[in-house]
Amino acid sequence: MNAIFIGRGNFYLGMTKVDEADNVVERTEPNWEPNAEGGCVAICDLDPDKMEPVGKAEVFGYWDAAHYLAVVLEKLGTGRPVNIPDFRAILAGYVDDTGENSIFCEYCNRSGCDCRDCIVKEWMDGL
């Protein structure tokens, strides 16, 4: 049986402070804390007999469902293709020969959206 832990919480990066002689004076390790309102999702394998974490957790932004759900399905080992839409590939079909996205960008320009805040523009720039 495959068992995984998936939970929402907050992730804090570790920190190391050194003095002028490069001696470590303070160190905190990276840490994830459960929180129903947190901005991160952690995924970790579990020992099904002990229901304890095995190995290190992978941490994602809670909004990044396409990535963390794909990891969940991979860890569950279903052996089936993931049916999470590949938006980058879908958008690539809308790019014309000039490299411009005529459908989405016309909509955004008419609606007054700001491109620097647009995830579609971010995906299009990566094509």
Side-chain angles (χ1 to χ4, degrees):
M1 173 175 107
N2 288 351
I4 59 169
F5 164 82
I6 180 168
R8 188 167 174 184
N10 293 311
F11 178 72
Y12 302 97
L13 297 174
M15 175 188 67
T16 301
K17 288 184 181 179
V18 296
D19 62 17
E20 292 177 4
D22 284 338
N23 298 310
V24 176
V25 294
E26 183 181 347
R27 179 177 299 216
T28 57
E29 296 297 320
N31 185 32
W32 182 83
E33 295 176 356
N35 180 340
E37 300 298 319
C40 297
V41 171
I43 300 169
C44 187
D45 291 315
L46 287 177
D47 178 327
D49 297 324
K50 299 178 184 177
M51 295 307 281
E52 294 177 355
V54 176
K56 293 186 176 186
E58 295 179 65
V59 180
F60 302 84
Y62 79 96
W63 46 267
D64 193 12
H67 287 123
Y68 67 77
L69 291 175
V71 170
V72 167
L73 293 173
E74 180 182 319
K75 287 184 175 289
L76 289 175
T78 62
R80 294 180 175 247
V82 176
N83 64 347
I84 298 170
D86 182 351
F87 288 109
R88 186 179 303 266
I90 292 168
L91 293 175
Y94 287 106
V95 176
D96 65 21
D97 292 337
T98 65
E100 293 297 319
N101 179 326
S102 60
I103 295 175
F104 289 98
C105 290
E106 283 181 14
Y107 170 78
C108 291
N109 289 337
R110 282 195 314 264
S111 65
C113 294
D114 189 348
C115 285
R116 68 180 173 209
D117 298 327
C118 180
I119 190 65
V120 173
K121 174 156 177 16
E122 183 178 321
W123 288 332
M124 297 303 291
D125 289 346
L127 295 177

*Asks:* When rounded to the nearest 0.5 angstrom, what distance separates CE in Met15 from CZ in Arg27?
*Replies:* 10.5 Å
*Asks:* Show the atom names and distances, to 0.1 Å, of all donor-acceptor pairs under 3.5 Å that link a side chain in residues 29-41 to residues at least two apart or in another chain.
*Replies:*
| from | atom 1 | to | atom 2 | distance (Å) |
| --- | --- | --- | --- | --- |
| Asn31 | ND2 | Glu33 | OE2 | 3.1 |
| Asn35 | OD1 | Glu37 | N | 2.8 |

*Asks:* Name each donor-acceptor pair under 3.5 Å that joins a side chain in residues 45-62 to protein atoms two or more places apart or in another chain, with its distance.
*Replies:*
| from | atom 1 | to | atom 2 | distance (Å) |
| --- | --- | --- | --- | --- |
| Asp45 | OD2 | Lys75 | NZ | 3.4 |
| Asp47 | OD1 | Asp49 | N | 2.8 |
| Asp47 | OD1 | Lys50 | N | 3.3 |

*Asks:* Using a side-chain heavy atom cutoff under 4.5 Å and only I, L, V, M, F, W and Y, what cluster partners does Val24 have?
*Replies:* Val18
*Asks:* Out of Ile6, Ile43, Leu76, which residue meets the side-chain contact (heavy atoms from CB on, under 4.5 Å) rule with Val71?
*Replies:* Ile43
